[in-house]
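Just below is one structure, and these are the notes that go with it.
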Amino acid sequence: MHTTTAQAGGRTDLLSGILGVEIRNEEKITAQDRLYCEKQQEQLYKSLEQIDRWYGIFTTEAENYRERHCIRYKENGEISYSEKLYPDDSGYSHHEFRPFRSINMLASANHSANQNFASRIIGYFNRTYNVSVPIPEVDGDTLKMGFRPHYMTYVDAVIEHLGGRSFRKTAEEELIKRFHQLVKPHRWSKVKPELKGDKISFPNIVVFDSFYYDYNRTNHVHYNYHGNISTLCEGIAFGSDDVLCGDKGMVMRLNQDNVDISGWYDLMTTNATGMKFFRNGRIDVRFKDREAASLCFNRLRLDELRLQEE
């Protein structure tokens, strides 16, 4: 089986890795990660056993037609065969069941099941840790019937793609990168995120749609900026509570179509307690104390951001 990833070196042959898999990266995943992977592998093996059982039945039957139909097996278990262009219709043999198409359907099912397994394992880590590892493509031309992949092969491939770092460390670095892209000062900006006692001020995060304000006097977040609040909340949750699951849902009662700029919104995080929106697009985040605010500021490495003039 071959897979492709975006890492240097191009195409990576995982077949040899699967056959001689080493559980060298298992300590880098959590017990919950391992439980998910083991359950997926158990379910896959159960389905592959069923596919193999029917495949054995049909290939045994196909041997009765080896000479008559010149059958040949491909590397992936598919069967090639010949049919008479003008069958003898004096009898009824041309109405009889032939197992050839069923054999090829089972070979295809073997491939799709293995591909689904690869997608689920790597997709799980992408979703859980907010990383972006490409899903490998299982080579359907070389995948053999009876093959059993091990989930750690894909975990190994993901960790190698991440440069050998743990998922948590990579997720943190990618989160901070996304957060900096959101809050870093524009080229000619005169302001940047600022620590003010028990608060952090973030300028130019959102833009309110002038149409809604002119006609309805509502502060409607422009649709181009809807994702900004979630990205900000993701960073605040990490910076304040050291968790990776933050999003706009942690801002209680927030309606992006009608934002209240007159007071503070409560937050569901422990150390960050409130969020306030301003008409100019600034958002302030309030913490339980100065120490919590400073910890968040430093964990998000906001001191690294610079104005053009600095």
Side-chain angles (χ1 to χ4, degrees), residues 1-48 75-77 109-181 231 234-235 237-239 242-247 299-301 304:
M1 181 182 71
H2 292 82
T3 66
T4 55
T5 68
Q7 64 186 15
R11 201 165 177 82
T12 304
D13 184 357
L14 287 184
L15 178 55
S16 58
I18 294 174
L19 294 177
V21 64
E22 299 176 16
I23 315 300
R24 62 187 182 278
N25 284 320
E26 194 160 17
E27 70 279 1
K28 295 184 179 179
I29 63 177
T30 67
Q32 182 178 354
D33 298 338
R34 192 175 302 110
L35 182 63
Y36 174 86
C37 293
E38 289 175 349
K39 185 64 175 178
Q40 289 296 315
Q41 184 168 292
E42 177 185 347
Q43 293 176 337
L44 172 69
Y45 284 9
K46 180 179 178 180
S47 295
L48 291 180
E75 186 176 357
N76 64 355
N110 180 65
H111 170 249
S112 61
N114 275 274
Q115 181 64 68
N116 194 9
F117 179 68
S119 299
R120 289 189 183 189
I121 297 299
I122 294 184
Y124 165 82
F125 287 101
N126 281 342
R127 292 189 306 274
T128 302
Y129 296 100
N130 294 318
V131 293
S132 302
V133 180
I135 304 297
E137 296 180 5
V138 178
D139 190 340
D141 293 329
T142 60
L143 179 67
K144 297 182 183 298
M145 297 297 298
F147 178 70
R148 297 292 184 271
H150 193 288
Y151 72 83
M152 275 306 303
T153 300
Y154 294 109
V155 174
D156 286 348
V158 173
I159 292 177
E160 288 168 11
H161 175 80
L162 300 177
R165 297 167 296 176
S166 69
F167 288 102
R168 172 74 188 199
K169 183 63 176 177
T170 301
E172 290 177 3
E173 292 182 0
E174 293 193 2
L175 183 153
I176 291 173
K177 181 180 179 181
R178 288 193 297 272
F179 194 78
H180 280 197
Q181 288 175 341
T231 301
E234 181 186 37
F238 169 67
D242 195 26
V243 296
L244 301 175
C245 56
D247 62 21
R299 182 175 283 159
L300 290 171
R301 303 205 293 263
E304 298 177 4

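Note that the numbering runs from 1 along the sequence shown for the chain.
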I122 side, atom CD1; S132 side, atom OG - distance, nearest 0.5 Å: 12.5 Å
Separation of I135 CD1 from N116 CG (nearest 0.5 Å): 10.5 Å
Side-chain touch R299/I176, heavy atoms, less than 4.5 angstrom: no
Beyond-backbone contact of Q43 with K39, side-chain heavy atoms, under 4.5 angstrom: yes
Flag for D33-T30: side-chain donor and acceptor within less than 3.5 Å: yes
Check ion pair K177-E174 (N to O, under 4.0 angstrom): no
Could you tell me whether the side chain of [X] and the main chain of [Y] form a donor-acceptor pair under 3.5 Å?
| X | Y | answer |
| --- | --- | --- |
| E234 | R178 | no |
| Q41 | Y151 | yes |
| Y45 | P149 | yes |
| T128 | F125 | no |
| H111 | V138 | yes |

Q181 CD: over 12 foreign heavy atoms closer than 6.0 Å: yes
Side chain to side chain contact (heavy atoms under 4.5 Å, CB included) assessment of E304 paired with H180: CA-CA 9 Å; E304 298 177 4; H180 280 197; 4.0 Å; yes
Trace of the side chain to side chain contact (heavy atoms under 4.5 Å, CB included) decision for L244 with F238: CA-CA 6 Å; L244 301 175; F238 169 67; 3.9 Å; yes
Those residues that, when tested against Y36, pass ring-ring contact (aromatic ring centres under 6.0 Å, His included) (two or more places apart): Y124
Verdict with reasoning, M145 to N76, per side chain to side chain contact (heavy atoms under 4.5 Å, CB included): CA-CA 6 Å; M145 297 297 298; N76 64 355; over 6 Å; no
Intermediate values then yes/no, side chain to side chain contact (heavy atoms under 4.5 Å, CB included), L44 and L48: CA-CA 6 Å; L44 172 69; L48 291 180; 3.8 Å; yes
